[in-house]
Amino acid sequence: MGRVYNFSAGPAVLPEEVLREAAADMMDYKGCGMSVMEMSHRSKMFQNIIDEAEADIRKLMNIPDNYKVLFLQGGASLQFAMIPMNLMKNHKADYIVTGQWAKKAYQEAKKYGDVVAVASSADKTFSYIPDCSDLPIREDADYVYICENNTIYGTKFHTLPNTKGKTLVSDVSSCFLSEPIDVTKYGIVYGGVQKNVGPAGLVIAIVREDLIPETVDDSVPTMMQYKIHAENGSMYNTPNCWSIYICGLVFKWLLKNGGLEAMKAKNEAKAKILYDFLDNSKLFRGTVEPGSRSLMNVPFVTGNEELDAKFVKEAKAAGLENLKGHRTVGGMRASIYNAMPVEGVQALVDFMKKFEEENA
Ligand SMILES: *Cc1c(COP(=O)(O)O)cnc(C)c1O
């Protein structure tokens, strides 16, 4: 069986070119007689891999010199704790709750201080991004937290919140490297890589240097201190070598294909095909307010659970996989990350048209 069009929310589709390159390198990486999985993280060979990966992501995202790029473990979820542990000086933080991942981060932060949800879209099942132009941000809040692209609900901040001068911390897991961003607007911008960049288990945290505390509370584990990882070039302990290597290949693939401007244009074109169809369909409809739509995760429903299940099943048989919506939302969700070709989105829409005719 050949490859399918994989609409999984994560772990998710990776560029075929990258998979082929990794396969070719598997037995003998650059003449060293072993795979990247088998080599010492202290070897020159691996140091080159991580150095190049860092240089390439810096180039792609135009990351200023006063930001550290940290390759950490524990996925995005460990950052939910690491952020308050390192950033809370006044032990106060303000969170914008736009979905399950933001809510989990908010709940975790509550373990470490006085944490307030200054805005939420829970009232309409997280189907929109609230107006964040004038929120009651506290004078002494250590930071303001957002989840920029809500993987489960399919919403995205198209304008960053007005933090009233406070440090902005953003989880970009599911929109990582999908379009250019201005890193200087953030104190920390971070993402688990398994949505749009590489194999699961690695999180890349881009942290402004002045936010990395010299000292933290004695109770903070060594592995949870940004300072330790920053001082040790992300190699205080054995890093996730394999994921760093694959991410490095993906960065090179992105650079070769025009960088993030080109990726944004491609992602907009792909999303337009799907949203245009949904807006005109008699059977399917999108679940997100148009102004808050994500380019990466597109949830939709027929309004009939049985028909939804039939759709997911028949789509799978047609080579369109992982279209079932998140267990908390139901319906369908198509994740159309960087590595999903436009042909995959077109194939999905063609299938939806056919399904609509057959089930009218
Ligand atoms: C998937 C996801 C997470 C959780 O990532 P893990 O690596 O599994 O911890 C957090 N935030 C967002 C936005 C996600 O999409």
Side-chain angles (χ1 to χ4, degrees), residues 6-14 70-85 93 95-109 111 117 120-122 125-129 143-158 160-161 168-179 181 186 188-207 223-224 229 234 239-240 242-244 246-247 250 267 288 292-299 322 324-329 333-340:
N6 177 10
F7 295 93
S8 171
V13 58
L14 287 170
L70 305 177
F71 297 94
L72 307 174
Q73 297 182 66
S77 298
L78 203 64
Q79 293 305 303
F80 298 171
M82 206 159 166
I83 287 159
M85 281 178 161
Y95 277 62
I96 298 173
V97 180
T98 51
Q100 245 190 61
W101 295 117
K103 194 170 157 197
K104 281 190 172 161
Y106 162 71
Q107 282 166 339
E108 190 74 359
K111 295 183 175 188
S120 165
S121 51
T125 339
F126 300 118
S127 58
Y128 69 104
I129 298 292
Y143 61 90
V144 175
Y145 183 100
I146 62 169
C147 177
E148 201 158 323
N149 186 81
N150 296 279
T151 325
I152 295 171
Y153 299 94
T155 60
K156 158 110 203 293
F157 280 84
H158 293 293
L160 291 176
L168 178 65
V169 175
S170 176
D171 173 358
V172 295
S173 295
S174 50
C175 58
F176 215 178
L177 304 177
S178 65
E179 58 182 281
I181 61 167
Y186 304 83
I188 297 182
V189 53
Y190 79 95
V193 303
Q194 75 274 27
K195 308 292 158 66
N196 209 12
V197 192
L202 178 72
V203 54
I204 301 177
I206 300 157
V207 185
M223 279 291 286
M224 299 292 277
H229 295 287
S234 300
N240 187 338
W242 178 255
S243 186
I244 292 167
I246 299 289
C247 288
V250 171
N267 287 330
V288 170
S292 301
R293 287 170 168 176
S294 164
L295 293 183
M296 297 282 100
N297 311 100
V298 183
N322 290 316
K324 193 171 188 305
H326 189 269
R327 62 188 186 281
T328 60
V329 184
R333 171 179 50 172
S335 295
I336 49 175
Y337 297 121
N338 286 347
M340 172 60 65

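Since we're looking at a predicted model, the values are computed, not measured. Quick note: residue numbers are just sequence positions, from 1. Both counts, for ligands and for their atoms, begin at 1 and track the order of listing.
For atom 11 (N) of ligand 1, the nearest protein heavy atom (residue, atom name, distance) is D171 OD2, 2.6 Å. Among all non-hydrogen protein atoms, the one lying nearest atom 2 (C) of ligand 1 is K195 NZ, 2.5 Å. The protein atom (non-hydrogen) at minimum distance from atom 9 (O) of ligand 1 is S77 OG, 2.6 Å.
Look at Q79 and you'll find every heavy atom at least 4.0 Å from all atoms of ligand 1. The closest approach between a heavy atom of C147 and any atom of ligand 1 is below 4.0 Å. Residue contacts with ligand 1 include G75, since one or more of its heavy atoms lies under 4.0 Å from the ligand.
Within the listing of ligand 1, atoms 12 (C), 13 (C), 14 (C), 15 (O) sit less than 4.0 angstrom from a heavy atom of T151.
Nearest-heavy-atom check against atom 5 (O) of ligand 1 across G74, A102, A76, S174 picks out A76. Heavy-atom proximity to atom 4 (C) of ligand 1, evaluated over W101, F176, Y190, is greatest for W101.
Across all non-hydrogen atoms, the minimal contact from G192 to F176 is O-CD1, 4.4 Å. Between L168 and P161, the closest heavy-atom pair is CD1-CG, 4.0 Å. Of all non-hydrogen atoms in S243 and L202, the two that sit nearest each other are OG-CB, 3.3 Å. Of all heavy-atom pairs between P239 and I244, the closest is CB-CD1, 3.8 Å.
With a heavy-atom cut-off of 4.0 Å, Q194 touches ligand 1 through its side chain alone. The residue A9 has no part lying near ligand 1, judged by heavy-atom distances below 4.0 Å.
For ligand 1, the polar-atom distance check finds no N/O of F80 at less than 3.5 Å from any of the ligand's N/O atoms. Between N149 and ligand 1, not a single N/O pair is under 3.5 Å apart.
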* Report the C-alpha separation of F80 and Q107 in whole Å, then their side-chain angles, then the decisive distance to 0.1 Å, and conclude whether the side-chain contact (heavy atoms from CB on, under 4.5 Å) test is met. => CA-CA 9 Å; F80 298 171; Q107 282 166 339; over 6 Å; no
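Classification of the Y145-Y95 ring pair by plane angle, with boundaries at 30° and 60°, yields parallel.
Inspection of the N150 and T98 side chains reveals an N or O donor paired with an N or O acceptor under 3.5 Å. A side-chain donor-acceptor contact under 3.5 Å links Y337 and N297.
Checking each of I96, V169, L160 against V144 for a side chain to side chain contact (heavy atoms under 4.5 Å, CB included) leaves exactly one that passes, namely I96.
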